Amino acid sequence: MVKIGEGIEVREELIKKACNLAMEAHNLSPGIPYIYKKIDRSTDVVFAFAGTLSFDSWYSNTSFGETEINTTLFPSLRSVGTGEVAKVNEAFARRFQDILDKFSLKKEVENAMLKGRQVVFAGHSSGGAIAILAALWCLECCRTRPNGDMLVHPYCMTFGSPLVGNKIWSHALRRENWARYFIHFVMKYDIVPRMMLAPLSSIQELLQAISPFINPKSQYSQRDAVARSSNALNFFMTVMRNASSVASYAACNLKGCTNLLLETVSNIVQLSPYRPFGTYIFCTGNRKLVVVENPDAVLQLLFYSSQLSSEAEAAVVVARSLNDHLLYTNEMQDSLEMQDVIHLNNLTDIPLSSNVDPSDEVASMNSALKDLGLSTRARLCLRAAGEWEKQKKKNEEKIEQNKRSITDALSKIQEYQTRCDIRKVGYYDAFKIQNTEDDFKANVKRLELAGIWDEIIEMLKRYELPDSFEGRRDWIELGTQFRRQVEPLDIANYYRHLKNEDTGPYLIRARPKRYRFTQRWLEHFDKVHAGARSESCFWAEVEELRNKPFAQVQDKILSLETDANGWIQSSLLGNDVFFPESTYTKWWKTLPPQHKQTSWVSEKITP
């Protein structure tokens with residue numbers, strides 16, 4: 001049997017220590033947001049963040065309290081191709097920013113990392129949300145270092161943490177290969193990890209009424225009285241009703257449901273944007289641990305694992321949904337000693353029936369699923385999550401088969417470019433004129449490549465490829481080669497047909513997503529700002545500038561010349577730009593003498 005620590009690459013003793021410190025952080029004096037603890041006889045250090053009872057520290061004024069994340073602090077939290085920025089709980093983000101600005105967290109973390117220590121960010125309840133942001137901030141800081149390396153990756157361990165961000169979080173962290181550093185422990189009935197699936201308006205008063213369960217300092221008598229109240233039942237039912245809507249909508253999408261009524265309802269009823277990410281470890285309550293890494297499956301488990309089997313069970317489950325939130329220390333101690341761990345890696349193999357022969361190889365899995373109270377419907381949803389993940393991999397395999405076609409077509413275009421250079425006619429100008437059969441054949445290859453890449457881009461837009469795809473170096477390099485070789489031909493075709501007169505500038509109105517996406521891949525990989533890898537757009541800039549008065553575009557001309565100088569030196573732009581009959585040469589010769597005399601281009605172009 002694989003131990004929990006081996007499966008997630010973290011020692012059991014470190015998990016216990018992180019849990020203890022996460023609970024201990026609640027006892028900090030007001031104004032002290034975290035514990036910084038060096039673990040005896042090890043190189044581990046733990047930053048454990050305190051939770052808070054302030055309602056403003058959980059929700060802001062919007063329906064679900066979400067806002068776009070600060071991309072300066074978290075540049076990786078976006079979809080690279082589409083540019084869609086992740087959403088984050090605004091109150092949690094604001095609290096973390098406040099800690100970063102007013103306390104010595106940054107210095108303490110940097111010192112620990114430089115010493116090669118294993119840094120762990122931990123938190124219980126809303127303290128877990130802050131730990132998540134701290135760990136992500138640490139990973140971002142390491143990514144933007146000159147060499148991009150770190151001696152030891154930080155880990156984040158949360159216990160009963162609420163959800164923090166939307167689906168882009170899981171997408172981005174899987175792309176960066178960071179999801180494995182976030183480990184979330186969830187008790188079977190703990191309501192807090194589910195509560196962000198309900199809108200603020202539906203639970204505001206109820207949440208304030210049950211606040212003793214968010215406060216570990218509250219007396220048992222207080223908690224017992226609240227657990228028996230109607231407020232507790234209403235709170236539980238409201239959260240789970242909204243969780244049902246979110247899980248059902250997600251499950252329908254996983255199963256490929258095209259029900260128009262479902263789409264109509266989803267457009268009318270606002271669903272929570274929050275989604276899980278990272279590795280979730282569900283504590284069944286009887287010393288078993290169920291490990292799940294698929295975020296779609298986790299969302300289903302958050303709903304289905306805390307269902308009522310009967311109305312008579314309501315009082316018990318409602319009380320447990322609150323009590324479980326404060327029992328992580330004991331649960332971790334018991335479960336880690338038992339080491340009864342099930343990893344749900346092969347979701348498509350999940351048995352649909354709870355009646356499985358004890359000798360069957362899936363018997364242990366089935367036992368854990370029964371302990372979580374999963375119905376046949378729940379198991380079907382988990383299977384659907386597994387099937388969707390498999391389909392993404394199949395889509396990727398299909399695209400892999402196109403690699404040869406892409407490289408062959410690019411070779412043909414390279415040969416075309418070489419033949420044009422021999423004739424001292426740049427391939428941009430030759431393609432724009434379209435005088436020879438060679439130009440026609442190059443256009444056929446351009447269209448073939450456009451079809452292949454457009455299919456890839458459409459899959460990415462619909463998130464039909466593995467999240468890691470946009471981070472794959474081989475596809476980044478192939479996409480860059482494609483963009484640099486072929487986009488000049490698209491630009492030539494655009495201006496040859498005078499499409500700019502009807503549609504407008506190529507860069508603003510007509511640049512295909514196949515080039516926008518592949519440029520963003522490279523810029524993200526190289527850790528540079530947007531637009532820093534725009535060398536393939538050189539000819540589009542020239543076409544727009546050459547028909548405008550010099551005085552009107554002087555600054556843009558100087559900027560283009562500066563960029564072009566760097567591209568020439570880096571061999572990203574060829575000397576065909578300076579051929580006597582090139583569009584650029586002819587235009588540059590028309591510029592004012594005072595400009596030409598001070599320009600570096602004068603060394604390349606014969607008067």
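Atom set for the values below is all heavy atoms of this structure, side chains included, hydrogens, waters and symmetry mates excluded. For clarity, every value in this text was computed on a predicted model and none was experimentally measured.
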message: Do the side chains of Glu84 and Lys461 get close enough for a salt bridge, i.e. N-O under 4.0 angstrom?
response: no
message: Salt bridge or not between Asp44 and Lys38? Use side-chain N to carboxylate O under 4.0 Å.
response: no
Aromatic ring proximity Phe121/Tyr155, centre distance under 6.0 Å: no
message: Going by the rule side-chain hydrogen bond (donor to acceptor under 3.5 Å, both in side chains), which residues pair with Thr67 if we only count those two or more places apart in sequence or in a different chain?
response: none
- prompt: Do His124 and Phe159 have their ring centres less than 6.0 Å from each other?
  reply: no
task: Could you tell me whether Glu387 and Arg383 have a side-chain N and a carboxylate O separated by less than 4.0 Å?
output: no
- prompt: Which heavy atom of Leu289 sits nearest a heavy atom of Cys283, and at what distance?
  reply: CD2-SG, 3.8 Å
- request: Measure centre to centre between the rings of Trp475 and Phe469, then say whether the value is under 6.0 Å.
  value: yes
query: Which residue pairs pass the salt bridge (Lys or Arg N to Asp or Glu O under 4.0 Å) test with at least one member in residues 277-297, sequence neighbours excluded?
result: Lys288-Asp371
task: Could you tell me how the ring of Tyr34 sits relative to the ring of Phe47: parallel (under 30°), tilted (30 to 60°) or perpendicular (over 60°)?
output: tilted
query: Does the distance from a Lys or Arg side-chain N to an Asp or Glu carboxylate O, for Lys16 and Glu13, drop under 4.0 Å?
result: yes
task: Can you tell me which residue pairs pass the salt bridge (Lys or Arg N to Asp or Glu O under 4.0 Å) test with a partner in residues 161-175, sequence neighbours excluded?
output: Arg174-Glu389, Arg174-Asp467
query: Between Tyr181 and His153, how do the two ring planes meet: parallel, tilted or perpendicular, split at 30° and 60°?
result: parallel
